[in-house]
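One structure below.
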Amino acid sequence: LIAVSTSFQPPSRTSILSRRSLNHPFSSSAQVLSSKNKIRPSSSTLSRHDVTTTSLESMTPAAALSAIGSPLGSIAVLAFVILVHEAGHFIAARSLGMNVDEFSVGVGPRIVGVRRRLVDDKFVFEKIDDAASKSKEDGGNVEGSELLSDDGIEFSLRAIPLGGYVRFPENYNRTLAFEQEDIARKARDEARLMRIENASPWEKGLEAVAAKSLAFNILTLGVLKKWQSNRVAEQLRQAEEDAKLFLTNESNGSWLSALPWVSKKDEKEELEGNDKLAILKAAKVPDIDYFDDPNLLQNRPWQQRAIVLSGGVVFNILLAFACYFGELTGGKGLPMPVFDAGVVISRMPSEDSPSFGLLKRGDVILGVNDVITSGNSQGGIWASQKQISDVISTIRETPVGESVKLTISHGKDSEATDVVSVAPKVNDDGVTSIGVMLGPNYLRTDMVQAASVTDAISKAGSAVYDITSQTSRSIFGLLLGFISGKGLPAGTSMSGPIGVVKSGAEVVSTSDFAAVVAFAASI
């Protein structure tokens, strides 16, 4: 899982009230412009960092329980989303009549599992005993437990709920293929020793590199591997000629072979009896016998395989639509954050940052280099994120030694503007920075209601389209940045499942059901 941070989750009403003393109740960690580990908030202010680093010993029992329960709640939400995603693959495969071995939520050791089998035209469910299965594989005897057969579909809950999978049966005998490949690998090593027995030192070196270094083979664009393949083919051809010549000389040189009562072996049997030739033939890549079962995924047309592959994504989109539709029809409404133009400095600059003494927490950057940021209350979360990205990009593109002019207002309610000049510096990460953390200029959250079921369908579909299209653009920008060598786009960060759980824990801690539903829809 990859989460590309391009937005934030607005705090619930309770979380805003609990942080009323702050000029800006939240910040976006994706928009960090300060040097790493160099931000030191003023001792007279309270920051989110101060709250989250409080030890459990100093917390009240309710707060400590919340600190533990929030990550568990986030993991539960993530596990549910994974369940829906894998169900999409599973249902698509089974609806097309494909065989499935296992449906698993989570990865790692299995906590509990059942196997569904068809017995006498009825489905029966049997508990999976991994210990018994392992003993059976090891050849041991298991008393008092019934060993399950290998047919049916396994449904598993595993220890690490940060993933899941649908396992399909292979279309070949993997055990036999591994055994044959192991035999061929040992034969290739023996054949290579035969080749280098009378080879020159440079040929011995190239043979060793070609056999052991995949990276060098790639760097040489396969030329080295092709050279080795030609030597292998020539070695086999020469061995076959030598074996045939030996048989011919042996037949011509022995008068006993001409006697009619002396049994004769055909040429093929004689060649197979040659040890050297047998080793060289065994070194070839073994042929794999593929099953022709039409119910296997690999034997289906590409269109059906594509349906199974996309089933998870389709179910994720349907889940997001269901979440939004449920909030519009049965909940308080769909939360719609409203933003004003500009970006907010969400944390006090540190003393060694370029902006210390010029900017402070709560200031709103309205423009950069006389270019006023565009935006209004209808811009939404994506327009606010774009303003942050534009400000960061302009600052990063400022040459070292030059200053950037910032048009600011001191506080959200201030109508007076001021212009300050800040000379960016290159921080420890090699990024041009003015040493502040930026966040969106959040105003409020409106609850969008639906006038009818048709209106709910329209608004839910629009919300799904917005989040899907923006996520796609973010991922495309991420890949484009990596390919071009520019790295992550300005104002974004990337995290894996742990980052998703951390973000979800912050949402769950608000005890706002609508926010939790929105989080499930977003991931």
Side-chain angles (χ1 to χ4, degrees), residues 1-10 26 28-31 74 77-89 162-164 306 309-328 334-337 339 375 378-390 392-393 439-440 442 445 448 457-484 486-508 514-523:
L1 293 177
I2 295 179
V4 183
S5 302
T6 59
S7 61
F8 75 104
Q9 176 64 43
F26 49 85
S28 176
S29 59
Q31 289 82 37
S74 176
V77 173
L78 179 60
F80 175 73
V81 174
I82 292 172
L83 173 66
V84 173
H85 177 87
E86 298 304 331
H89 296 304
L162 302 182
L309 181 63
S310 60
V313 177
V314 172
F315 266 53
N316 281 139
I317 294 176
L318 292 177
L319 173 62
F321 178 85
C323 290
Y324 293 141
F325 183 81
E327 285 296 312
L328 287 166
L334 197 62
M336 186 66 63
F339 304 89
Q378 303 300 322
I381 199 169
W382 310 112
S384 178
Q385 173 63 33
K386 185 177 184 304
Q387 292 181 51
I388 296 175
S389 299
D390 291 343
I392 295 175
S393 297
Y442 172 77
T445 297
V448 178
I457 293 175
S458 175
K459 289 179 177 178
S462 177
V464 171
Y465 174 79
D466 287 342
I467 193 170
T468 303
S469 58
Q470 291 295 337
T471 301
S472 300
R473 291 192 187 99
S474 298
I475 295 176
F476 178 76
L478 173 70
L479 297 176
L480 187 62
F482 281 141
I483 294 174
S484 62
K486 296 180 180 179
L488 293 173
T492 63
S493 66
M494 182 177 66
S495 63
I498 302 301
V500 175
V501 171
K502 182 179 178 182
S503 299
E506 295 179 359
V507 176
V508 173
V516 175
V517 172
F519 170 69
S522 66
I523 62 175

To the nearest 0.5 Å, what is the distance between [atom1] on [X] and [atom2] on [Y]?
X: L479; Y: F476; atom1: CG; atom2: CZ; answer: 8.0 Å
X: F315; Y: E86; atom1: CZ; atom2: CD; answer: 11.5 Å
X: C323; Y: L318; atom1: SG; atom2: CG; answer: 11.0 Å

Specify the closest pair of heavy atoms between [X] and [Y], including all atoms of both residues, with the distance to one decimal.
X: A320; Y: A521; value: CB-O, 3.6 Å
X: L334; Y: A463; value: CD2-CB, 4.0 Å
X: P337; Y: Y442; value: CB-CE1, 4.2 Å
X: V507; Y: V516; value: CG1-N, 3.8 Å
X: A520; Y: V77; value: CB-CG1, 3.8 Å
X: I457; Y: F321; value: O-CE1, 3.6 Å

Are the side chains of [X] and [Y] in touch, meaning some heavy atoms are under 4.5 Å apart?
X: V508; Y: F519; value: no
X: L78; Y: S74; value: no
X: Y324; Y: V517; value: no

What pairs of residues pass the salt bridge (Lys or Arg N to Asp or Glu O under 4.0 Å) test when at least one of them lies in residues 458-471, not counting sequence neighbours? D455-K459
Would you say the side-chain atoms of H85 pair up with the backbone N or O of N316, donor to acceptor, closer than 3.5 Å? no
Hey, is the main chain of I467 close enough, under 3.5 Å, to the side chain of T471 for a donor-acceptor pair? yes
